[in-house]
Amino acid sequence: MTSESKPAHFLQNIIREDLAEGRVSQVVTRFPPEPNGYLHIGHAKSICLNFGLAREFGGTCNLRFDDTNPAKEEEEYVASIKQDVSWLGFEWADGAKYTSDYFDQLHEWALHLIREGKAYVCHLNPEQAREHRGTLTEPGKNSPYRDRSVEENLALFEQMKNGEMAEGECSLRAKIDMAAPNINLRDPVIYRIKKMAHHQTGDKWCVYPSYDFAHGQSDAIEGISHSICTLEFEDHKPLYDWFIENLPVPARPRQYEFARLNLNYTVVSKRKLKQLVDEKHVDGWDDPRMPTISGLRRRGVTPAAIRNFCEMIGVTRSDSVVDVGMLEYCIRDDLDKNAPRAMCVIEPLKVTLTNYPEGQKEMLSAPGHPVREDLPARELPFTRTVYIEQEDFREEANKKYKRLVLGKKVRLRNAYVIQAEEVVKNEAGEIVEVLCSVDLDTLGKDPADGVKPKGVIHWVSADDNVDCEVRLYDRLFDHPAPDAGGRNFLDHVNPENLKVLTGCKAEIGLAKAEPEQGYQFERNGYFCRDNKYGSAEKPVFNRTIGLRDSWAKEQNK
RNA sequence: UGGGGUGUAGCCAAGCGGUAAGGCAGCGGGUUUUGAUCCCGUCAUGCGUAGGUUCGAAUCCUACCACCCCAGCCA
């Protein structure tokens, strides 16, 4: 192991010190999604952080569904979240957990606060509560119900719990300080009435704890040593600590905040993603253009690429916008190392090798990967007629064009050197076929005259191939900040984010390609079979990401 | 005009008083049966601004500026 290790980020430093100084004996973290939507690339950062820290320090990480609001949550999301976390390569400690598992305990603690005179039932409705809360610059006013007796509060809370009060009629509030400069401390609601079934607890409750009252205590119950959340919860930390200090909790977890991921050319808000789905800009939540984990998976992005990306971007407390190019780099990097190579002609041009016997077929062997010898070689049928890419032939071209040119030579990748002799055109003047001669003495060696062709192009036998559809995906948006600065993100959907090509010809082995198995279609990009469309005979391949293309860059100069 | 945060290259990010790591992107070159990969080189006299302390400041002090978050019975 000679690789220089990456410098530790602030959370690693904190944990290291906590361990060294005995404040913490066992690292326990948690990833606490609310089951109200699909996970996306932003969640991946949190997942990698929490599970990664636990793994790094020999601890454990819980998957805890933060399900305190039955109005917004559904069982459906629980399953997809579990699948996505596992797919990313992480295992949660002993069974998925739910904040709702602790509703009894939380209720007990609410009673405890009431008995201590630190919580009261407030009959201010939501609008009145807002008026009493004050503003950012003015202190709030005490609720007229703030000084109810313990007995009265106990009785009233019991009625709330028993469904004897209407939703919004009253709430249970912590008695802290209506003049606190931190608005979260102005007697926050800790229990509200919601007369609806919960996906885990059914009809058992009609009062549900708020996030603030549930989160820290759940952390304490689970023995979470480091409760990591995003920056917007920073103002909640004093409240988090207040509950921990005022309740007989079994542990004293600490909250730490980090900056959430922002990616340019990308939108992740649930509302906007839903709009893209609803208005058919994409095919669904798992559309390959979506930044959801399921979309990335269908696109052919690997878990390792996402993990490496999360490692690469670091963990800090400063707001930042990561260039999506970094994600793309990580995707290419992983796929380059691991994806088997294959050939696929996306826009076919017929090439007939006039000096190759009609009806003859020979099998040529091609390596599965340029350096990975563990990836099996493939067999490529070679015949008199083959297809090459339309853009790989020109009747005339300058020296920079290193492909097939009339009268010139080029190598067919993994096969022979050919020379273009004649062009066949249709009435419209379009090139429909190129007649070439093949030099059969060039398999694995240069032509006898010693002149090495300067180009290599990919090809597929016209007689023995897999007819397929190829979907070329590009960035969903063509603006780096589609939803910033008052812009309407829908105005910046990239009109060329998808190009569907049919009649593409892939090498025969690709007939049995499996979804999620990425391939490099040489000289083209990385592709994987779609898990939703296509048939056994006619697969659909999604382009995960193109190869870096310095030729295109050169041409754009 | 309240409270809480954050400012190091186009982007991400180390640095914690001893003279600006690394990665992405870019640029130049080499290898190559993928215009890929890989390899080499290059890329901040400068750390939000202005002062101050010090032999020495991105690091300490003061003031200012910019940006982000908070007024759900959402999380």
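Labels below follow one simple rule: chain letters A, B, ... track the order of the sequence lines, proteins then strands, and each chain is numbered from 1. Note: hydrogens, waters and symmetry copies are ignored here, and every other heavy atom, side chains too, is used.
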- 5' to 3', nucleotides 18-26 of chain B under a 4.0 Å protein heavy-atom cut-off (B base, S sugar-phosphate only, - none) gives ---B-BSSS
- Query: Hey, which of these two, A:Leu547 or A:Leu443, hits RNA chain B nearer its 5' end, going by closest nucleotide?
  - Reply: A:Leu443
- Item | Contact nearer the 5' end of RNA chain B, comparing A:Thr316 with A:Ser171 | A:Thr316
When you check the phosphate oxygens OP1 and OP2 of [N], does a side-chain N or O of [X] lie under 4.0 Å from one of them?
{"X": "A:Ser210", "N": "B:C73", "answer": "no"}
{"X": "A:Arg133", "N": "B:G72", "answer": "yes"}
{"X": "A:Arg130", "N": "B:A71", "answer": "no"}

- Ring-ring centroid check A:Phe10 A:Tyr256, cutoff 6.0 Å: no
- Task: Specify whether A:Tyr211 and A:Phe233 have parallel, tilted or perpendicular ring planes, treating 30° as the upper limit for parallel and 60° as the lower limit for perpendicular.
- Result: tilted
Please work out if [X] contacts a base, only the sugar-phosphate, or nothing of the nucleic acid, heavy-atom cut-off 4.0 Å.
{"X": "A:Asp66", "result": "sugar-phosphate"}
{"X": "A:Asn69", "result": "sugar-phosphate"}
{"X": "A:Lys194", "result": "sugar-phosphate"}
{"X": "A:Leu124", "result": "base"}
{"X": "A:Thr135", "result": "base"}
{"X": "A:Leu136", "result": "base"}
{"X": "A:Asn264", "result": "nothing"}
{"X": "A:Ala259", "result": "nothing"}
{"X": "A:Cys330", "result": "nothing"}
{"X": "A:Phe213", "result": "nothing"}
{"X": "A:Phe233", "result": "base"}
{"X": "A:His236", "result": "base"}

- Query: Choosing from B:A36, B:G5, B:C74, which nucleotide comes nearest the side chain of A:Ser550?
  - Reply: B:A36
- Message: Syn or anti for B:G72? Use the chi torsion, O4'-C1'-N9-C4 for purines and O4'-C1'-N1-C2 for pyrimidines, with syn inside 90° of 0.
- Response: syn
- Message: Once ring-ring contact (aromatic ring centres under 6.0 Å, His included) is applied, do any residues pair with A:Phe31, and if so which ones, sequence neighbours excluded?
- Response: none
- Item | Under the ring-ring contact (aromatic ring centres under 6.0 Å, His included) test, residues paired with A:His9 that sit two or more places apart | none
If you count the non-hydrogen atoms of other residues, nucleotides and ligands that lie under 6.0 Å from [atom1] in [X], is the total more than 12?
{"X": "A:Glu373", "atom1": "CD", "value": "no"}
{"X": "A:Lys408", "atom1": "NZ", "value": "no"}
{"X": "A:Lys274", "atom1": "NZ", "value": "no"}

- Task: Going by the ring pair (Phe, Tyr, Trp, His ring centres under 6.0 Å) test, name the single residue among A:Tyr102, A:Phe213, A:Phe103 that passes it with A:Tyr208.
- Result: A:Phe103
- Message: With a 3.5 Å cut-off and heavy atoms only, can you find an N or O donor on one side and an acceptor on the other between the side chain of A:Arg523 and the base of B:U34?
- Response: no
- Item | Near-strand residues of residues 30-50 of chain A, defined as heavy-atom separation under 4.0 angstrom from RNA chain B | A:Glu34
- Going by heavy atoms closer than 4.0 Å, what residues in residues 176-191 of chain A are next to RNA chain B? A:Pro181, A:Ile183, A:Val189
- Between A:Arg413 and A:Glu522, does at least one N-O distance fall below 4.0 Å, as a salt bridge requires? yes
- Query: Salt-bridged, A:Lys400 to A:Glu554, with N to O below 4.0 Å?
  - Reply: yes
- Side chains of A:Asp84 and A:Tyr38: is there a donor and an acceptor less than 3.5 Å apart? no
- A correct dot-bracket answer for RNA chain B, with pairs being Watson-Crick or G-U at under 3.5 Å, [ ] for crossing pairs and | for inter-strand pairs, is .(((((((.[[[..)..(...]]].(((((.......))))).....[[[[[..)....]]]]])))))).....
- A:Tyr211-B:A75 aromatic stacking (under 5.5 Å, under 30°): no
- Figure out the CD/P separation between A:Glu328 and B:A36, and round it to whole Å. 17 Å
